[in-house]
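Take a look at the structure set out below.
Here is the naming used below: chain letters follow the sequence lines, and residue numbers restart at 1 for every chain. Bear in mind the structure is a predicted one, so any value in this text is a computation, not a measurement.
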Amino acid sequence: MSIIDDLIIHSPALIVAIPLLGAFLTPLISKINDKIRNIFVIFIVFLTSAIVLLLANDIYAVCGKIHTYVFGGSSAVTQGGFAIRILFEVDGLNIFMALIATILAISGVIYSWAFMKENTGLDKYYTLYLLMIAGMFGMILTGDMFNFFVFLEITSIASCALIAFWTNKGKAVDAGFKYIVISATGALFILFAVAILYGQYNALNMAVLASKIQFSFLDKIALVVLITGLAMKAGIVPMHMWLPDAYGRAPASVTLILVGVTQASLYGALRMIFTVYGGSLTNTLNQIGDINLDLNLLLGIFIVALALLTIFIGVLMALKENNFKRMIAFAAVAEIGYMILAIGAALTTVFSATDTGTGVMALKGGLFHILNDALDVGLLFLVAGAVYYATKETSLNKLGGLARNMKYTTIFFLIGLLAVSGMPPMNGFASKLIIYESTYQVNPILSIIAILCSILLLAVFVKVFHSAFLGPKQPKFDDVKEVPKSMLLAMGIIACIIIFIGLFPDIVVNNIVEPAVNALTNHSNYINNVIGGI
Amino acid sequence: MIYNIPYIAVVALILIGLYAIIFKRNLIKIVIGIVLIESGVNLFLITLAFKQDSVAPIYRGSGSRIMSLPVPHALTLTSIVIGVAVLALMLSLIIHIYKHYKTLDASKIGGEKE
């Protein structure tokens, strides 16, 4: 057996362990030299990414393959039938999310090199940064409910400290406090739900739970509590108020990873709804009085309503916002709305027997949009960070005429603008088109609202483009220079991927998104593969 | 009935904690609310593990008596450790907030112009 095979077998553990180890080595290495530390951190992230790619290669080689890694044993269930071993499992959906996290982590760490150069306390910054990346990968890869909670808390603690990294600004500390209150409460909700499920089924393993779940009254309570907790972390209206502050006040490189963390929470919600509860949502009718209600329909309509609210509030708040990064943050809220709109639309149809592919298509659009949103919003945040780096100015009213001095940044902003508002030929167009098409079949009004809000989003960003980059020359920005190469490189990586996905969406959909959708909808395959059919 | 009292306490703790988080303005009280929810959830986990007449799950000296389930105890320990970290972080943020704004009233924080 070669080393590569060994690496692949142990890769789920290594993907979390390497950044974790790197995080604790970083303070030691920064005693030597700042430059060596930066190189070390970049090396750690690249090593992790290489292992993710190896694993992805292995997963995509066989259709429907699930890679299970059990800690401290060979099988998920101990002698006597206790399903208490911690395990990581990687299927199409997990590896899809891990690839997104990889792209964000690489560009974030390259961007940090120049962006954070003038700050002190960078050893702590990089330590927390790697911890956040490790926590994010952990949330994505774990197959154990309690483990999910632990990684969620690791990510929350690290990201809260990073949001408040600029403690000399009162607003940053305020944003950090808001974030930790919301995420601590959300995480405790999740733990409560995990306890309810454990009390009934004596299992913490997602696959075992999925095979045993009865959908009793307590399970319904647990589902509601779980979704509430994860929605808090994902920034869905009405629990979105932490998001603009946290995204807006954190350093741009941190915001990029925060976007990934939000997506990871969304992944958690998907996993709970589709895999853990997937089998029992199908045919459970809920009787209220004389009316029989299909539960998946009820849940789907509820999620769609939340999604529309999220899109609306995000776009409207973005219209009136004057702070560059906060405005993008509100746009990010709206983008999250699009994903859960697709997920809700999928929920209403995907389980019913009469479904003719609408549900699967909506799910495809939603998952594809998770990838595209992470890239688009991430790129915009990086551009906003670059503008801040060059001008030390965040208010849109005071910016202007930057295109003269910062031509590459302007081009990157233009790419991000077109992508986030769903204009061809960027990637946002491809996924939003799938979402419009599938929601139209569920209900035409949904897609009309979605298109309308997308156009409003374009209006928002055209306004920003005009006020920040175009316009008359401003004497105070005469000596503004283009940002350093590392920041341009980070933005360039994301922009290239955006254009590539925009030009060849079918390649990405067929090779990456399709396996993820299959992993979500085919939950019996998941159960059989992970626990071997108990 | 007597065995339901812990569950009633759990619900009461969580509701009081939520009330404090949502309606209280003082940051310290918000933190207390979070700690209350955490205690409620931990109590819930511990209660789940308990069975009538059971003893702590330590093999030495327990003889053949029923032991309570050790897994929720392990979960609770982990959750307590995480809770301490979150609590310390929140309190340190409050110290910074107080340095900036000289107040702990949530409605007076973060409203300044940049």
Side-chain angles (χ1 to χ4, degrees), chain A residues 78 82-84 145-147 149-154 156-161 163-164 166-200 202-204 225 245 248-249 322-323 326 393-395 398, chain B residues 7 10-11 14 17-18 20-22 27 30-31 33-49 69-72 74-76 78-79 81-104 106 108-114:
Chain A
T78 57
F82 294 108
I84 51 171
M145 299 284 263
F146 188 74
N147 212 224
F149 162 77
V150 171
F151 280 119
L152 192 83
E153 285 282 29
I154 291 177
S156 315
I157 292 171
S159 44
C160 164
I163 289 167
W166 286 329
T167 44
N168 56 337
K169 293 180 189 158
K171 284 195 166 183
V173 184
D174 179 37
F177 186 75
K178 263 186 197 163
Y179 178 78
I180 194 76
V181 167
I182 290 290
S183 63
T185 318
L188 287 172
F189 274 29
I190 293 167
L191 182 61
F192 188 57
V194 171
I196 294 176
L197 290 175
Y198 181 78
Q200 291 186 85
N202 201 13
L204 291 168
V225 176
D245 282 327
R249 306 295 167 195
N322 267 328
N323 181 303
R326 274 176 65 90
E393 197 64 73
T394 54
S395 170
K398 292 175 189 156
Chain B
Y7 295 109
V10 166
V11 174
I14 291 178
L18 271 182
I21 292 173
I22 297 171
L27 297 186
I30 293 177
V31 172
I34 290 177
V35 175
L36 276 178
I37 296 184
E38 195 199 315
S39 321
V41 175
N42 287 342
L43 180 63
F44 184 51
L45 276 167
I46 289 291
T47 318
L48 285 178
L69 194 60
V71 179
L75 304 188
T76 314
T78 318
S79 150
V81 171
I82 292 172
V84 170
V86 173
L87 180 63
L89 190 60
M90 284 192 291
L91 291 178
S92 64
L93 283 177
I94 287 181
I95 294 173
H96 274 291
I97 289 177
Y98 190 77
K99 272 185 195 156
H100 280 287
Y101 297 102
K102 302 278 175 251
T103 176
L104 287 179
K108 290 178 187 149
I109 289 168
E112 83 273 16
K113 289 254 181 257
E114 13 217 325

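- Using a 4.5 Å cut-off between heavy atoms, A:Asn168 contacts chain B through its backbone alone, with no side-chain atom that close.
- The most heavy-atom pairs under 4.5 Å with chain A, out of B:Ile94, B:Ile34, B:Leu45, come from B:Ile34.
- What you find for A:Gly170 and B:Tyr101 is that their closest heavy atoms are C-OH, 3.2 Å.
- Among A:Asp174, A:Asn202, A:Asp245, the residue with the largest count of heavy-atom pairs under 4.5 Å with chain B is A:Asp174.
- With a threshold of 4.5 angstrom between heavy atoms, B:Leu93 approaches chain A through its backbone and through its side chain.
- A:Phe149 pairs in a side chain to side chain contact (heavy atoms under 4.5 Å, CB included) with only one of the listed residues (B:Ile82, B:Thr78, B:Leu75), which is B:Ile82.
- Contact annotation for A:Val194: neither backbone nor side-chain heavy atoms come within less than 4.5 Å of a heavy atom of chain B.
- Under the salt bridge (Lys or Arg N to Asp or Glu O under 4.0 Å) criterion, no residue pair touches residues 85-96 of chain B, with sequence neighbours excluded.
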* **Working for side chain to side chain contact (heavy atoms under 4.5 Å, CB included), residues B:Leu18 and A:Phe189** => CA-CA 11 Å; B:Leu18 271 182; A:Phe189 274 29; 3.9 Å; yes

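- Residue-environment remark: OH (B:Tyr98) stays at or below the threshold of 12 foreign heavy atoms within 6.0 Å.
- Contact of A:Lys178 with chain B is not made at all, since no heavy-atom distance falls under 4.5 Å.
- Heavy atoms of A:Leu204 lying under 4.5 Å from chain B belong exclusively to its side chain.
- By the 6.0 Å contact criterion, NZ on A:Lys169 is enclosed, its count of non-hydrogen atoms from other residues, nucleotides or ligands being greater than 12.
- Proximity to chain B (any heavy atom under 4.5 Å) is shown, for A:Phe192, by both the backbone and the side chain.
- When B:Ile21, B:Val71, B:Val31 are compared by the number of non-hydrogen pairs under 4.5 Å with chain A, B:Val71 comes out ahead.
- Nearest heavy-atom pair, A:Tyr198 versus B:Pro72, reported as atom, atom and distance to 0.1 Å: CE2-CG, 3.5 Å.
- For B:Ile14, the part lying under 4.5 angstrom from a heavy atom of chain A is the side chain only.
- Here OG1 of A:Thr167 is found 12.0 Å from CD1 of B:Ile95. Values are rounded to the nearest 0.5 Å.
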